[in-house]
2 protein chains.
Amino acid sequence: MANKKKSTIKDIANVLGITPSAVSKALNNHPRISQQTKTAVMQVAENLNYQPNHIATALRKGKSNLVGVIIPRANSNFFSSIIEKIEDVLNEKGYNVIITQSNESYKKECQSIEALLFTQVDGIIASMANETVKLDYYNKVKQKGVPLILFDRGENDLNVDYVGIDDYMSSHIVIKHLVDQGCKRIAHIGGFSHTRIYKNRIRGYIDALEKYNLPFSDELIYECNLRKVDGKEIMKKLLDLPIRPDGIYVSGDYAALGALEEMKAQHVKVPEDIALVGFSNEPFSEIVTPGISSIEQHSEEIGRLAAETFLKRIANPDEPVTLNKMILDPELIVRASSKRK
Amino acid sequence: MANKKKSTIKDIANVLGITPSAVSKALNNHPRISQQTKTAVMQVAENLNYQPNHIATALRKGKSNLVGVIIPRANSNFFSSIIEKIEDVLNEKGYNVIITQSNESYKKECQSIEALLFTQVDGIIASMANETVKLDYYNKVKQKGVPLILFDRGENDLNVDYVGIDDYMSSHIVIKHLVDQGCKRIAHIGGFSHTRIYKNRIRGYIDALEKYNLPFSDELIYECNLRKVDGKEIMKKLLDLPIRPDGIYVSGDYAALGALEEMKAQHVKVPEDIALVGFSNEPFSEIVTPGISSIEQHSEEIGRLAAETFLKRIANPDEPVTLNKMILDPELIVRASSKRK
DNA sequence: TTAATTTGTTCAAACGTTGGAACAAATCTA
DNA sequence: TAGATTTGTTCCAACGTTTGAACAAATTAA
């Protein structure tokens, strides 16, 4: 039969004929407890199969050792490797990680925040949903004094720590590459510009076009949810233009895939007729034919930095929180979809 | 300035000049508390922006309202939609979900279990890592009386609730389809047979071959980690055989993708020369060219059932736990990679 | 009118752990 | 040898909530 009843610090104390607080101190390696009792306590704890009650500790200490992570959707390599890294770093320090998905919905995101605050997490590491424009819930987190770290999808106005890549620069890198490959008319399939990262990529795209003296017009730029279907449909419109573009820069690999599919369907040669570059280097991008060139965002690095920033915040709770941006350099992985030479 | 100090039940009691226990009862809608005080308490709670301290409740009640979910890797549509559904169902009932990834590693999985037990979760819903053969840690969960529900990657020997599809039947469906398409020599790229689901698929494959009087030999079957590279390498070996197979059944879409890539590289026509069927219907499977036929596992349904089973367990804690398998029917999505007619 | 019941609240202990204050015993200092 | 210091432990209150028992007041029953 399983020994259902859990043993507590009290049980250990009873066995040894000492007080619970002595046991507690022994377990926490308090300097004033003799080595002798410490080893005795360890021994008995082992025998009784003692497991500390984390909840009691949390109540007493006023911290839960839980960190909440909010992501739009786990269903991408980018986010799942960030999480993996965050877990690595935080588990090391005795924290557990609660992951919730917003599914790109503002409402679900608010619920997640509520739930995490309710669970008394010691901090929240989040990437905002596409839909999110109102910052009220995030402000609530800040107000409660719960450390908040944003990554990838952030927002300057919140004035908190942020980890991400340089989106503006990414666009410049992509456009330069396409220009180098001989593209003269480059379209952009972007995310919605109310999300900061997509806005920056759009800005970067427009500025880079100007820099290289390329034509820009409204018919060359689209904003969407960046799902595969979105890429496909927008590609359709782009192919219907009187003058087709000869290069496409897409802000997400799923959408790029959709675009690629449509081009194949219409027998457009990639990259000869139209060169294609995606974003975030999903595993399938290297798999499809032709492989899709894409921007690698160094997700592990982002995860590591986000976790470490949280730890730093916890260590210095009095330090005032300000906008603290950690910006990593993007890297373009060139594949067949844009390699003409 | 933010009002840092959190208000407690005591504060409400002080304002109203009643005792904390009256407040607690009012908040919990105790029948013996007058409607009058109830509304008064609600009012004050609202004013003070009172947030119940979940940890204190957890300590007092002996339950955390946290449910742990262990998955091999979030990086697949299958797992991320299961999680989404589990969250849906459990949030509804006031539970929060802690997600951890084992990354297919036994060691990481054990750590996850430790961490979840340490966090005092009220139950664990898990899908086992590929690597896992020893069940000691899962037995520990059972022994502690923490409800354990397995999905997809389960193990009969644990004698707990299990939700998954009929893997044996899946193989039969796939083989029948390939036979219908005229395949005479079908190979299988499977997962490691020490994992129950992969063993069942292998058994199904072998039995189905026999049923249709098709040749079987050791050179036609491989076990691997089902990553893209694995599929690619094994495909290489299959193409080097003196007599090539004319149909390939792969136990995972990533590996199927690798196999497809290799066939394209060697100018094998798919499905004319070799027909291909994958498993788990990842989003990219319909995207690539040719689209990969695949088994749809009804992930939302699996998630829903797993969560509901947990709730049932919690509601009837005294009911003895036994092997309780809930098996869903798989569905083959036929795409270009295997459609010859 | 008295006893029994119902209603609304308070009391007190508990959940398991922690940590500062208090205290006795042992050791050191001058 | 008295006083100061160190060492090892106990004491006690606290973290915020819950809950059964107790109790007084109000209501009902007989």
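In what follows, chains are A, B, ... by sequence order, proteins preceding strands, each numbered from 1. Because the structure is a prediction, the values reported are computed rather than measured.
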Residue whose nearest DNA chain C nucleotide is more 5′ - Q36(B) or A56(B): Q36(B)
Does L323(B) have any side-chain contact (heavy atoms from CB on, under 4.5 Å) partners at least two apart in sequence or in another chain, and if so, which? N156(B), N159(B), K325(B)
L16(B) CG to dT10(C) C1', in whole Å, measures 15 Å
The criterion is side chain to side chain donor-acceptor pair (under 3.5 Å); which residues satisfy it with T37(B), sequence neighbours excluded? S34(B)
Whole-Å distance, I18(B) CD1 to dT7(C) P, equals 19 Å
Interatomic distance, L59(B) CG vs dT17(D) P [rounded to whole Å]: 12 Å
Could you check how far NZ of K6(B) sits from C1' of dC15(D), rounded to whole Å? 12 Å
Donor-acceptor contacts, no H, no angles, side chain residues 63-70 of chain B, under 3.5 Å, sequence neighbours left out:
{"residue": "K63(B)", "atom": "NZ", "partner": "Y95(B)", "partner atom": "OH", "Å": "2.9"}
{"residue": "S64(B)", "atom": "OG", "partner": "L66(B)", "partner atom": "N", "Å": "3.2"}
{"residue": "S64(B)", "atom": "OG", "partner": "Q120(B)", "partner atom": "O", "Å": "2.6"}
{"residue": "S64(B)", "atom": "OG", "partner": "D122(B)", "partner atom": "OD1", "Å": "3.4"}

Answer yes or no: is there an ion pair linking E319(B) with R313(B), defined by an N-O contact shorter than 4.0 Å? yes
Within residues 20-35 of chain A, those residues having any heavy atom closer than 4.0 Å to DNA chain C are S21(A), S24(A), K25(A), N28(A)
Measure the distance from NZ on K63(B) to P on dT17(D) and round it to the nearest whole Å. 18 Å
Considering every strand and a 4.0 Å limit on heavy-atom distances, what is the contact class for I55(A): base, sugar-phosphate, or nothing? nothing
Interatomic distance, Q120(A) CD vs dG16(D) C1' [rounded to whole Å]: 10 Å
At less than 4.0 Å, is any side-chain N or O atom of T19(B) found next to OP1 or OP2 of dT10(C)? Yes or no. yes
Report the residues that fulfil side chain to side chain donor-acceptor pair (under 3.5 Å) with D136(A), sequence neighbours left out, ordered by chain and then residue number. Y106(A)
Is it the case that R73(B) places NZ or CZ above or below the six-membered ring of F78(B), under 6.0 angstrom from the centre and within 45 degrees of the axis? no
Find the distance D11(B):CG to dT17(D):C1' and express it as a whole number of Å. 13 Å
Residue pairs fulfilling salt bridge (Lys or Arg N to Asp or Glu O under 4.0 Å) with at least one residue in residues 23-42 of chain B, sequence neighbours excluded: none
Whole-Å gap separating P (dC15(D)) and CD (Q51(B)): 19 Å
What contact category does I9(B) fall into here, base, sugar-phosphate, or nothing, at under 4.0 angstrom with non-hydrogen atoms? sugar-phosphate
